[in-house]
Structure formats: C-alpha cells, structure tokens
Protein chains: 2
Amino acid sequence: MGTQQHKATYHHGDLRRALIESALQLLETRDDGDVGLREVARHTCVSATAVYRHFPDKAALYAALAAEGFERLADAQLAAARRAREDSAAFRASGQAYVRFALANPALFRLMTSHMHRDGSTGVLLADNRAARLLREQVARLMPAASEAERAVTVVQAWALVHGLAVLMLGGRIPPDAALIEAAVNEFRPWRH
Amino acid sequence: MGTQQHKATYHHGDLRRALIESALQLLETRDDGDVGLREVARHTCVSATAVYRHFPDKAALYAALAAEGFERLADAQLAAARRAREDSAAFRASGQAYVRFALANPALFRLMTSHMHRDGSTGVLLADNRAARLLREQVARLMPAASEAERAVTVVQAWALVHGLAVLMLGGRIPPDAALIEAAVNEFRPWRH
DNA sequence: CCGCCTATGTTTACGATGTAAACATAGGCG
DNA sequence: CGCCTATGTTTACATCGTAAACATAGGCGG
C-alpha cells in the first residue's frame with residue numbers, strides 16, 4: 001500500500017519532514033483539502049499522537065503544508081516568468097501559472113487558501129510574500145508612470161483575478177479550460193489607461 | 001441563551017426551516033464556515049438525529065444553507081444594480097455588492113464557496129445562476145459590439161475579480177478596505193478596447 | 001368517534017477524529 | 001557507564017457524523 005517504509009530505528013530520522021511529505025502525498029489523492037491527523041500518522045507508519053511532538057496541533061500541520069504549498073506556487077510563478085523574454089509576457093505567464101498550479105494541486109491549493117490560519121506566526125506570509133513581491137515588481141515595471149496608489153490597485157486586481165479564476169474553476173463554477181485561462185489573464189492590461 | 005423557543009408540540013411546526021435558520025444564525029457568530037450537525041440540532045432544541053428526517057446528511061444541510069446564501073447574494077446584487085441609474089454604474093455597483101456581501105457574511109460565504117457540493121441535485125446552481133444571468137445581461141448591455149466569445153471572457157473576468165477580492169479579503173491577505181473595493185472594481189472596464 | 005398508519009422525533013450505539021496524560025525508549029553528554 | 005531529554009507509544013476522553021431501533025402525535029379510513 002502507499003505507506004512509507006524505513007522506520008528501522010525507533011527514533012525516526014526526521015519525522016517532521018516525513019509527516020509533511022506524507023500529508024502532501026495524501027493531498028494528491030484527494031480533491032478537498034482535508035487530510036486528518038491520524039490519517040497522515042497512519043500513512044507514515046507512526047502513532048497518532050506522535051504528530052504532537054512536531055506540531056502543537058492540526059492547524060500547525062496545516063500551516064506547514066500551506067507554507068510548502070506557497071513555496072511551490074512561488075517557484076512555479078517565478079519559473080514561468082523567467083521563461084518569458086518580455087515584461088508583459090512574464091506578467092501574464094506568472095498569472096497563468098498561478099491558476100494552473102491551483103488546477104494541478106487542487107487539495108493543496110484549497111488547504112492553503114480555505115483553511116486560512118490567521119495567526120502570523122507561521123512562515124506562510126513570508127512564502128506568500130515571495131509571490132506578492134514578484135507581482136509588485138512586475139506591476140512597477142509595467143506601470144512606471146503610475147502613482148504608488150494606482151499600482152497598488154493594479155496589484156490587487158491582478159491577484160484577485162487569478163485567485164478568483166483558480167477558485168471558481170476548482171469549484172466547478174467556471175470550466176477549467178486552458179484557453180479560457182489564457183484569454184481571461186491576457187485581456188487584463190490595466191496599464192493602458 | 002441563543003436557543004430557539006416554542007417546541008410546545010412534540011411535532012415541530014416546520015423543523016426543516018427552523019434548522020436552516022438556526023444554522024444561519026450560528027454562522028453569524030463564526031468566521032469559518034463550519035456549523036456542525038449536532039450543534040445546529042442543539043441550538044434548535046431538538047435531538048441530534050432529528051436532522052436526518054429533513055436532510056440525508058450534513059452535505060445536504062450545507063447545500064440548503066448555500067442555496068439560501070446564494071439567494072441573498074443575488075438579492076443584494078440586484079438591489080445594488082437597481083439603485084444605479086446607468087448601466088456601467090449598475091455593473092460596478094453589483095460587483096461591489098458581491099464583495100460587500102462576502103465581508104458582511106464571512107462564514108456563510110465561505111460555506112457557499114469552500115464546501116462546494118459538486119452534485120448538481122441541489123438548487124444551488126439555480127440560485128447561482130440568478131446572479132450569473134444578471135452579470136451576463138450587464139456585460140451584453142455594456143459590450144453590444146463584442147462577439148459572444150469576447151463577452152464570455154469578460155463575464156469570467158468580472159466574476160473572478162470580485163470573487164478573488166472577496167476571498168482574499170476574507171482570508172486577510174488583502175485589507176478589507178471599502179475604498180480598495182471601489183477602486184479595484186471601478187477600474188475594471190475592459191469594454192474600452 | 002375510534003383505531004391504525006405514517007410522518008416526525010428520540011434513544012442508543014458505533015466508528016472516527018483531535019487531543020491530553022502517562023508511559024517507554026533511544027541515544028547523546030556528563 | 002549511567003542518567004537526561006528528546007522523541008515515540010499507549011491509553012483515554014469528548015465530540016462528531018450517522019445508522020438502527022424505538023416512540024409518539026395527529027390525520028384519515030372505517
């Protein structure tokens with residue numbers, strides 16, 4: 001079955017990491033973002049309460065998973081942006097990458113966004129900021145003449161657009177069509193007046 | 001305590017309705033969209049399993065709540081649209097109403113969108129379609145010269161924009177600022193080329 | 001008007017979950 | 001070498017969703 005192996009020693013080498021990867025692995029088999037504490041413990045061949053040696057509670061596990069997810073999302077966006085050889089193309093590419101990431105990792109994406117852990121203690125905001133920083137830089141490059149406030153609004157618009165696309169497509173309220181993603185993202189060009 | 005009263009008779013007058021309203025009432029006290037079957041039953045002064053006489057399972061209750069929520073959302077948008085005396089103003093007003101509804105009813109909105117019941121048996125899609133229909137009509141009026149495909153893309157963009165705004169603000173990733181809502185929604189005018 | 005039938009609630013029960021507390025062991029540091 | 005602490009296990013409990021068996025109320029046929 002899909003369980004991990006090793007566990008040769010009583011003391012697991014790095015259980016924290018193993019738990020996170022078990023959970024991520026389990027998330028790929030689902031479409032809702034619910035993993036279950038005991039479930040990931042089982043999948044890691046470890047006692048249910050062993051999780052509590054590495055995470056204070058379920059929310060903390062989720063926070064770690066979300067952090068990992070945000071890292072991967074930012075990586076995907078940066079990679080897509082780098083593949084483009086023009087600023088506006090890079091902007092659009094990273095936007096499309098956002099939506100594609102959500103569609104490719106539905107459960108993980110849902111966990112990142114739906115189970116929003118409001119406490120600022122986790123690394124989530126930092127990871128999130130990597131993507132946010134890229135977005136701000138892109139907008140600044142595309143709208144050099146605009147005021148800071150105008151750019152801020154554009155940042156919010158762009159983020160909301162791709163996030164809304166992702167969520168609506170994941171929820172089945174909009175067809176998860178690749179062409180539609182392209183069209184909806186590419187038509188967004190607020191810096192032309 | 002916040003519990004309902006009556007229950008004079010053994011047979012509740014209209015328990016189904018009472019359960020739904022208890023649940024909606026409970027949702028107002030939360031910010032995550034989780035109500036709990038037993039919790040609703042308790043709040044209605046009724047046995048836990050009585051719920052199953054009116055809903056096959058928890059998902060069905062959620063579907064009913066979501067349906068109710070979508071009705072209210074559509075009402076809010078239609079009302080906002082009617083208050084405007086110009087087409088583009090109505091369009092913007094109903095968009096802002098969408099976001100404001102989400103911020104005013106965080107738990108209900110989250111229940112509607114996050115716990116997406118994929119089965120098409122419920123009335124959710126119908127209610128949802130009331131708002132979707134309004135949106136399509138508005139876009140058609142605003143872009144009379146555009147092709148059907150262009151309009152479809154604009155519909156998706158507009159929907160994604162307000163939905164993304166709502167979700168990101170609810171998640172605390174964007175400040176839930178009234179001025180920001182206005183700016184982000186009003187700057188969206190894709191029918192000008 | 002009476003008695004049964006069915007719709008509607010209740011009780012009890014079961015498995016699963018998140019988590020606290022007490023216990024066990026392994027491996028590094030004195 | 002022996003203890004101490006970090007890490008994992010066992011046991012236990014409250015809660016949850018839900019199934020099954022039971023109870024009652026109130027309308028309908030006689």
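All of these numbers come straight from a predicted model, not from anything done at the bench. A note on names: the letters A, B, ... follow the listed sequences, proteins ahead of strands, and every chain is numbered from 1.
- Searching all strands for a Watson-Crick or G-U wobble partner of C:dA24 with both distances below 3.5 Å returns D:dT7.
- Going from atom NZ of A:K58 over to atom P of C:dA20 covers 14 Å, rounded to whole Å.
- Distance A:L26 CG to C:dT17 C1': 15 Å, rounded to the nearest Å.
- Ion pair A:E68/A:R17 flagged as a salt bridge, since at least one NZ, NE, NH1 or NH2 atom sits closer than 4.0 Å to an Asp/Glu carboxylate oxygen.
- For D:dC16, one of the phosphate oxygens OP1 or OP2 lies less than 4.0 angstrom from a side-chain nitrogen or oxygen of B:R42.
- In this structure, A:L37 places its CG atom 19 Å from P of D:dT15, rounding to the nearest Å.
- Listed nucleotides: C:dG18, C:dT10, D:dG8. Nearest to the side chain of B:S47: C:dT10.
- Rounded to whole angstrom, the span from the CG atom of B:D14 across to the P atom of C:dT8 amounts to 10 Å.
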Pair up each side-chain donor or acceptor in residues 153-162 of chain A with any protein partner under 3.5 Å, not counting sequence neighbours, and list the distances.
unit_1: A:T154; atom_1: OG1; unit_2: A:E150; atom_2: O; d: 3.1
unit_1: A:Q157; atom_1: NE2; unit_2: B:A184; atom_2: O; d: 2.7

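- Along DNA chain D, the nucleotide nearest to A:R38 and the one nearest to A:V51 differ in position, and the one closer to the 5' end is contacted by A:V51.
- A salt bridge links A:R130 with A:E71: at least one charged nitrogen is closer than 4.0 Å to a carboxylate oxygen.
- B:H163 and B:F109 have tilted rings, their planes meeting at an angle from 30° to 60° on a 0 to 90° scale.
- Distances were taken from every side-chain heavy atom of B:H54 (C-beta onward) to each of D:dT18, C:dT19, C:dT8; the shortest belongs to C:dT8.
- C:dG30 is paired with D:dC1 under the Watson-Crick or G-U wobble criterion, all donor-acceptor distances under 3.5 Å.
- For C:dA20, the OP1/OP2 oxygens have no side-chain nitrogen or oxygen of A:R53 closer than 4.0 Å.
- The base of D:dT11 has none of its N or O atoms less than 3.5 Å from a complementary donor or acceptor on the side chain of A:T49.
- Taking atom OH on A:Y62 and atom P on C:dT17, their separation rounds to 11 Å, with Å as the unit.
- Nearest to the side-chain atoms of A:Y52 among the listed nucleotides C:dT19, D:dT9, C:dT8 stands C:dT19.
- How far CZ of B:R100 is from CG of B:L165: 12.0 Å, rounded to the nearest 0.5 Å.
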